[in-house]
Amino acid sequence: MQPTAFALLGPTASGKSKLALDLAEKLPLEIVAMDSAQVYRGMDIGTAKPTPAERARVPHHLIDLVEPDQAYSAGRWRDDALKVVAEILKKNRIPLLVGGTMLYYRVLTSGLAAMPSADPELRAELDLSAARRGWPSLHADLAKVDPEAAQRIQPNDAQRIQRALEVWKLTGEPLSKIQLRKDAPLPFALKAFALVPERAELHARIAERFVAMLAAGFVDEVRSLKSRFTLHPALPSMRAVGYRQAWEFLEGRFGEDELRNRGIAATRQLAKRQLTWLRSFSGVETVLAPAALAERLAHSFL
């Protein structure tokens with residue numbers, strides 16, 4: 001009989017992290033972060049990263065792995081997650097993967113050969129860049145990160161250039177490498193649950209949390225990162241929701257009120273995309289209320 005790990009999914013600001021901490025007070029859990037922004041050191045406020053006190057109370061894994069100017073791919077996360085889950089199971093403890101990076105969950109369960117879905121926002125950015133620079137220029141960009149794909153794609157093949165760059169930006173992996181990869185099945189059973197609040201409640205929580213992040217010094221956090229590292233807006237770390245808007249604010253493109261409005265709007269769009277991903281997953285049990293989900297999870301653990 002295979003050992004079992006658990007996953008707690010949900011849109012941003014749905015209450016996943018608090019629920020996981022509450023469960024860990026009653027059960028021998030260790031939390032495995034499934035968050036593509038929390039892997040970056042120094043990105044604490046804007047990612048709602050667990051506090052040092054929370055991490056001292058409950059073991060957390062796959063947080064603070066790389067600097068914001070470094071690359072970290074979905075494939076690397078999968079490898080790291082498999083290793084960490086195996087270590088937790090060896091200790092006869094319960095691995096609980098918690099997060100809203102749906103690409104990570106899909107890569108974990110389906111392997112990297114399962115390509116990420118189209119990202120309308122990213123595609124719009126690539127289209128805008130192509131309108132300014134031309135598709136041959138973007139083809140040259142592709143040649144730097146995925147020379148094998150660039151060799152197969154003509155410099156004016158807009159659709160294929162866009163898709164190859166999209167896959168690289170979303171996963172951190174070259175399209176040509178992903179297409180060759182065959183991942184082994186998971187060495188453990190996985191039960192997944194999703195916490196999905198009502199839409200109005202979720203929007204209210206998103207707004208409340210972003211305002212709280214600003215009050216906690218989020219802009220100063222981004223200012224500090226810009227001074228300590230060689231960053232640019234196209235880096236995966238700085239493309240994270242909130243960080244992109246704070247970067248533009250620090251460049252003087254708009255004021256504090258607009259930063260708040262844009263940050264909340266961008267977070268709502270992220271939540272919408274996360275819910276779209278969730279609907280595409282099979283075998284994920286969705287629950288609206290944290291108390292009900294806590295009961296279902298506890299029952300599953302036992």
Minimal non-hydrogen separation, [X] against [Y], with atom names:
| X | Y | result |
| --- | --- | --- |
| Leu9 | Met34 | CD2-CE, 3.0 Å |
| Ala216 | Ile45 | O-CD1, 3.3 Å |
| Leu278 | Pro11 | CD1-CD, 4.4 Å |
| Phe281 | Met102 | CZ-O, 3.6 Å |
| His232 | Met238 | O-CB, 3.7 Å |
| Asp69 | Leu235 | CA-CD1, 4.2 Å |

Measure from the side-chain N and O atoms of [X] to the backbone N and O of [Y], and report whether any donor-acceptor pair falls under 3.5 Å.
| X | Y | value |
| --- | --- | --- |
| Arg93 | Leu29 | yes |
| Arg160 | Ile153 | no |
| Gln245 | Arg262 | no |
| Ser36 | Thr101 | no |
| Ser224 | Asp220 | no |
| Glu30 | Ile88 | no |
| His60 | Val58 | yes |
| His139 | Ala150 | yes |
| Asp146 | Ser176 | yes |

Can you confirm whether [X] is buried at [atom1], in the sense that more than 12 heavy atoms of other residues, nucleotides or ligands lie under 6.0 Å from that atom?
| X | atom1 | answer |
| --- | --- | --- |
| Gln154 | CD | no |
| Glu258 | CD | yes |
| Glu198 | CD | no |
| Gln2 | CD | yes |
| Arg199 | CZ | no |
| Gln151 | CD | no |

So how far is it from Tyr40 OH to Thr47 OG1, rounded to the nearest 0.5 Å?
-> 11.5 Å
Quick one: OG1 on Thr276 to CZ on Arg279, what's the gap to the nearest 0.5 Å?
-> 4.5 Å
Taking 4.0 angstrom as the limit, do [X] and [Y] come out as a salt bridge?
| X | Y | result |
| --- | --- | --- |
| Lys90 | Glu87 | no |
| Glu148 | Lys177 | no |
| Lys169 | Glu125 | no |
| Asp79 | Arg76 | no |
| Asp257 | Arg260 | yes |

Could you tell me whether the side chain of [Y] reaches within less than 4.5 Å of the side chain of [X], counting heavy atoms only?
| X | Y | result |
| --- | --- | --- |
| Tyr104 | Asp35 | no |
| Phe254 | Leu259 | yes |
| Arg163 | Asp157 | no |
| Leu108 | Leu190 | yes |
| Pro136 | Asn156 | yes |
| Leu231 | Pro68 | yes |
| Lys18 | Leu21 | no |
| Glu248 | Pro233 | no |

When Ile, Leu, Val, Met, Phe, Trp and Tyr are grouped by side-chain heavy atoms lying under 4.5 Å apart, directly or through other members, which residues fall in the same group as Leu270?
->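 Val241, all in the cluster of Leu270.
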Stepwise salt bridge (charged side-chain N to carboxylate O under 4.0 Å, His left out) test for Arg55 and Asp64 | CA-CA 12 Å; Arg55 293 164 70 177; Asp64 291 342; 3.1 Å; yes
Determine, step by step, whether Val196 and Leu202 satisfy the side-chain contact (heavy atoms from CB on, under 4.5 Å) criterion, reporting the C-alpha distance in whole Å, the side-chain angles of both residues, the deciding distance to 0.1 Å, and the verdict.
-> CA-CA 8 Å; Val196 182; Leu202 181 60; over 6 Å; no
Tell me whether Leu225 is reachable from Ile63 by hopping between hydrophobic residues (I, L, V, M, F, W, Y) whose side-chain heavy atoms are closer than 4.5 Å.
->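 Not linked; separate clusters.
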Does the salt bridge (charged side-chain N to carboxylate O under 4.0 Å, His left out) test come out yes or no for Arg205 and Glu208, once each step is laid out?
-> CA-CA 5 Å; Arg205 295 182 65 151; Glu208 180 182 349; over 6 Å; no
Please test Lys226 against Glu251 for side-chain contact (heavy atoms from CB on, under 4.5 Å), starting from the C-alpha separation and ending with a verdict.
-> CA-CA 11 Å; Lys226 288 185 71 174; Glu251 289 188 333; 4.2 Å; yes
Would you say the side-chain atoms of [X] and [Y] include a donor-acceptor pair closer than 3.5 Å?
| X | Y | result |
| --- | --- | --- |
| Thr12 | Arg209 | yes |
| Ser73 | Glu173 | yes |
| Arg133 | Ser129 | yes |

Could you give me the CA-CA distance, side-chain angles and deciding distance for Tyr72 and Asp80, then say whether side-chain contact (heavy atoms from CB on, under 4.5 Å) is met?
-> CA-CA 11 Å; Tyr72 188 84; Asp80 289 344; 2.8 Å; yes
Among Leu65, Thr171, Leu62, find the residue that satisfies the side-chain contact (heavy atoms from CB on, under 4.5 Å) test when tested with Trp77.
->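 That would be Leu62.
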Qualifying ring pair (Phe, Tyr, Trp, His ring centres under 6.0 Å) pairs, either residue in residues 207-226, two or more places apart |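 Counting only pairs at least two positions apart or across chains, the ring pair (Phe, Tyr, Trp, His ring centres under 6.0 Å) contacts touching residues 207-226 are Phe218-Tyr243.
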